[in-house]
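Read through the structure below, which is laid out as structure tokens, and then see the notes.
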Amino acid sequence: MDHPVASPKRSSAAGGWGALKSCGKHLLSSRAPLSGARAMLKANQPDGFDCPGCAWGDPAHGSSFEFCENGVKAVSWEATDKRTPPKFFAKHTVSELRGWTDYALEGEGRLTHPMRYDAGSDRYLPVSWDDAFAEIGATLRGLDSPYRAEFYTSGRASNEAAYIYQLFARLYGTNNFPDCSNMCHEASGIALQAAIGIGKGTVLLEDFEKADAIFVVGQNPGTNHPRMLGDLRKAATRGARVVVFNPVRERGLERFADPQNTVEMLRGASAPVASHYYQPRPGGDMAAFRGIAKAVFAADDAARAAGRPSVLDRAFLSHHAEGHEVYRAVVEATSWEAIEDQSGLSRADIEVAADVYLGADKVICTWAMGVTQHKHSVATIREMTNVMLLRGNIGRPGAGLCPVRGHSNVQGDRTVGINEKPPAALLDALEREIGFVAPRKHGHNVIGAIGAMLDGSSKAFIGLGGNFARATPDTALVAKALASCELTVHIATKLNHSHLVPGRVAYLLPCIGRTEIDRNSKGKIQIVTVEDSMSMVHGSGGINKPASPELRSEIAIIAGMAAATVGSDKVDWAALADDYDGIRALIERTIPGFAGYNARVRRPRGFMLRNLAAERNFETVNGKANFSADALPEATEHQQARAMGDTFVLQTFRSHDQYNTTVYGLDDRYRGVYGERQVLFAHPDDLAEIRAVAGDRVDIVGTHDDGVVRVAEGFRLVPFDMPRGSLAGYYPELNVLVPLSSFGKESDTPTSKSVMVSIRRPAQAA
Ligand SMILES: Nc1nc2c(c(=O)[nH]1)N[C@H]1C(S)=C(S)[C@@H](COP(=O)(O)OP(=O)(O)OC[C@H]3O[C@@H](n4cnc5c(=O)[nH]c(N)nc54)[C@H](O)[C@@H]3O)O[C@H]1N2
Ligand SMILES: Nc1nc2c(c(=O)[nH]1)N[C@H]1C(S)=C(S)[C@@H](COP(=O)(O)OP(=O)(O)OC[C@H]3O[C@@H](n4cnc5c(=O)[nH]c(N)nc54)[C@H](O)[C@@H]3O)O[C@H]1N2
Ligand SMILES: [Mo]
């Protein structure tokens, strides 16, 4: 097969690079994404980049060159021909650009030059890299405390970039690391750390081939993890049960046409995925799992009465776990009535789910934002874990816990030290290796950073990727917070709204993306590494020419800022930026699990980071997997809304044509919405009750009682199969309604899936 894009030559040591993911060279060069898709189906190239889309794992065997529509979008978005050069900025003031949509801003294409904001002309003007670094360094050094600077990370950053970023910030003297994962899987990390001693999942992709049942909770893989859907479908085809918990009927979870299957594609056929589809009320998953536990304990009692063996994994519970008796007592004390009211599911339905659970020898439980973005998310994940522990569904083939990560390297960034509450062992190792005194005081997460900027105690914001102003709650307040800074710096590939609320000194620094060739000063090609949702670490090397000769790698940009801020006596930043093997060697010496990093990452598929929980070796205080025994929330937002009347619980989710704040297009095909994002999904009976019909425009009014007025105007009603009293619409447009003052217990994650609102008919507004 011809290669329209030349693949960079690699030394034999680098041969057999980790699998080329999802989307490919052919497509990139063809600039005809859909016609290129057929060629892609047949391709299986050894060298390549990690897909900048999701963090789903790669198969261990066979072709990993899977077709993924959303991977293709992510890749072609970055590989666009369009540019946002200095000429563009000369034409448009920043104030004018603030009136543009996200879609229009990113639609201008890739940034090409380092730019500095000029308040006089209200424009970004080109600047040299050296001048940029010098002023950033001087401004940071001028702050009276390093804790007045915020170092934000978005989860696309490679291990190497994230590692030198945290090293830079810590040498500078702060642990302020607001991170996109604070808004994402924070609750999973906290819950799993407490329950099983590691804040990550315990399954490998192969486990999906062995599981008898897979519980998929609060997740829409058809859109957000399309390759996972392929694995679910394969499991369903061989007879495994796929049990979905989602208030919304997501079509991708019901039926799925396999893009690898040409016959199926040509016939427009599809196969069922979910064997059981439960539609809990928003925030009702903890109650639903409590119900499953109740049914499991009842089955255990019945077995005992009949003289049959226990349905619990007694050996696991006595050797590897602690607290199941206390948990059992709490479960027995919870009434079916409470469970039914909170979950919105009937006892009979929950008992069927429990039967599936009991009938399966090996069970996997996966979840994502539908679980993590509520007030009681940590307790809910503990509850799901409890249920899994009852039958020893952890640390054996085909069974385990699987928080499905978002950004392609959000898990890796955490592993290499992006953590506002760093473990002492990490700081000790850094001190030993580098020879400095690391800051010990805990730093800010996202909510903390916004609060500090708003009250004036933080004065600098550095963004390693992402779109902080749009991804966070209370859009207007966060814009104010950023604009009040002495210094804002954004390392980015494309223009977004975060760049349009400049601080007094403001820089926009353009970097090369994942798909592009990264050459050092001697012309040598460099690769970076990432970690997927299954703790697999593998290499990623770009194949395209960078969008502009002025671009630098994220690593080179961080190194430049670091040298200008903290100097190069302790760390030779320039040398690290010139050879990422040096960064990997530092990681190997300071982060557990990376022995032989530089060699192992050059093997096909990379290597798996040790995950002791997956071997039933639990690094908790007592060395056991721990049950939790939390009470159900007194009232979920949905229950509160029902009690108040005229109030709904709104969730903010993703359409099929977006990647977080990046909007690729205006369609949401699986939900039947085309050409528009300004929509509000609701139950048909709720529409009738407010005397509205499909297509009517309404305003959505926030009812969170913190005195802040929040309104989103002119949303078109779309009737949908979802629980009464719940609404849904798209992030980031609806972030104007998400309150900064509402966040998860322990996790501090904004409650983007349970926003209290009311609906205002425009007639009423008049
Ligand atoms: N194409 C594409 N891929 C992506 C992303 C993207 O934007 N686009 N984003 C990436 C990132 S960062 C992440 S974190 C993931 C996000 O992946 P998802 O978690 O799938 O993202 P959301 O669109 O927020 O979908 C949440 C789902 O949870 C359901 N839900 C809402 N509330 C509840 C509840 O209370 N209980 C239950 N059981 N379900 C509920 C919603 O109906 C919806 O189906 O995807 C990653 N991959
Ligand atoms: N209401 C609501 N809010 C949410 C969520 C929700 O479900 N509902 N989800 C939350 C979740 S799960 C997450 S993870 C966050 C996401 O928050 P972020 O990670 O901050 O946001 P993204 O939209 O992923 O960032 C997109 C920007 O990243 C830059 N970019 C893209 N590729 C690269 C690259 O290779 N390098 C660099 N340096 N920059 C790059 C581009 O400039 C682009 O504009 O949002 C959270 N916010
Ligand atoms: Mo995420």
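Just so it is clear, the model here is predicted, and its values are computed rather than measured. Start at 1 and go down the list; that is how both ligands and their atoms are numbered.
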Taking only heavy atoms of [X], which atoms of ligand 2 are found under 4.0 Å from at least one of them?
| X | result |
| --- | --- |
| Tyr152 | 17 (O), 18 (P), 19 (O), 20 (O) |
| Asn496 | 27 (C), 42 (O), 43 (C), 44 (O) |
| Gly465 | 37 (C), 38 (N), 39 (N) |
| Cys511 | 36 (N), 37 (C), 38 (N) |
| Ile491 | 37 (C), 38 (N), 39 (N) |

### Within-cut-off N or O pair, Gly466 and ligand 2, under 3.5 Å
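Yes; the residue has a nitrogen or oxygen that sits under 3.5 Å from a nitrogen or oxygen of the ligand.
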### Message
Assess whether a salt bridge exists between Arg514 and Glu78, defined as any Lys/Arg side-chain N lying under 4.0 Å from an Asp/Glu carboxylate O.
### Response
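No.
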### Query
How are the rings of Phe151 and Tyr165 set to each other: parallel, tilted or perpendicular (split at 30° and 60°)?
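Perpendicular, since the angle between the ring planes exceeds 60°.
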Quick check: do [X] and [Y] have side-chain heavy atoms less than 4.5 Å from each other?
| X | Y | result |
| --- | --- | --- |
| Asp474 | Val736 | no |
| Tyr664 | Ser76 | no |
| Arg405 | His185 | yes |

Decide whether [X] and [Y] meet the rule of one side-chain donor and one side-chain acceptor closer than 3.5 Å.
| X | Y | value |
| --- | --- | --- |
| Tyr730 | Asp668 | yes |
| Thr366 | Gln219 | yes |
| Trp100 | Glu108 | no |

### Task
With sequence neighbours left out, write down each residue that passes salt bridge (Lys or Arg N to Asp or Glu O under 4.0 Å) with Glu250, or none if nothing qualifies.
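If we apply the salt bridge (Lys or Arg N to Asp or Glu O under 4.0 Å) test to Glu250, skipping adjacent residues, the hits are Arg671.
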### Task
Specify side chain, backbone, both or neither for Thr493, according to which of its non-hydrogen atoms lie closer than 4.0 Å to ligand 2.
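Under 4.0 Å from ligand 2, Thr493 contributes backbone and side-chain atoms.
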### Task
Could you see which bit of Glu106 sits under 4.0 Å from ligand 2, with heavy atoms only: side chain, backbone, both or neither?
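Under 4.0 Å from ligand 2, Glu106 contributes side-chain atoms alone.
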### Message
Can you work out which protein residues put a heavy atom within less than 4.0 Å of ligand 1?
### Response
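For ligand 1, the residues that come within the 4.0 Å heavy-atom cutoff are Cys54, Asn70, Cys184, Val217, Gly218, Gln219, Asn220, Thr223, Asn224, His225, Phe245, Asn246, Pro247, Val248, Glu250, Pro282, Gly283, Asp285, Ala368, Met369, Gly370, His374, Gly406, His407, Gln651, Phe653, Arg654, Gln658, Tyr659, Asn660, Lys753.
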### Task
Determine the sole option in Tyr124, Phe468, Tyr117, Phe461 for which the ring pair (Phe, Tyr, Trp, His ring centres under 6.0 Å) test with His490 is passed.
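Among the candidates, only Phe461 passes.
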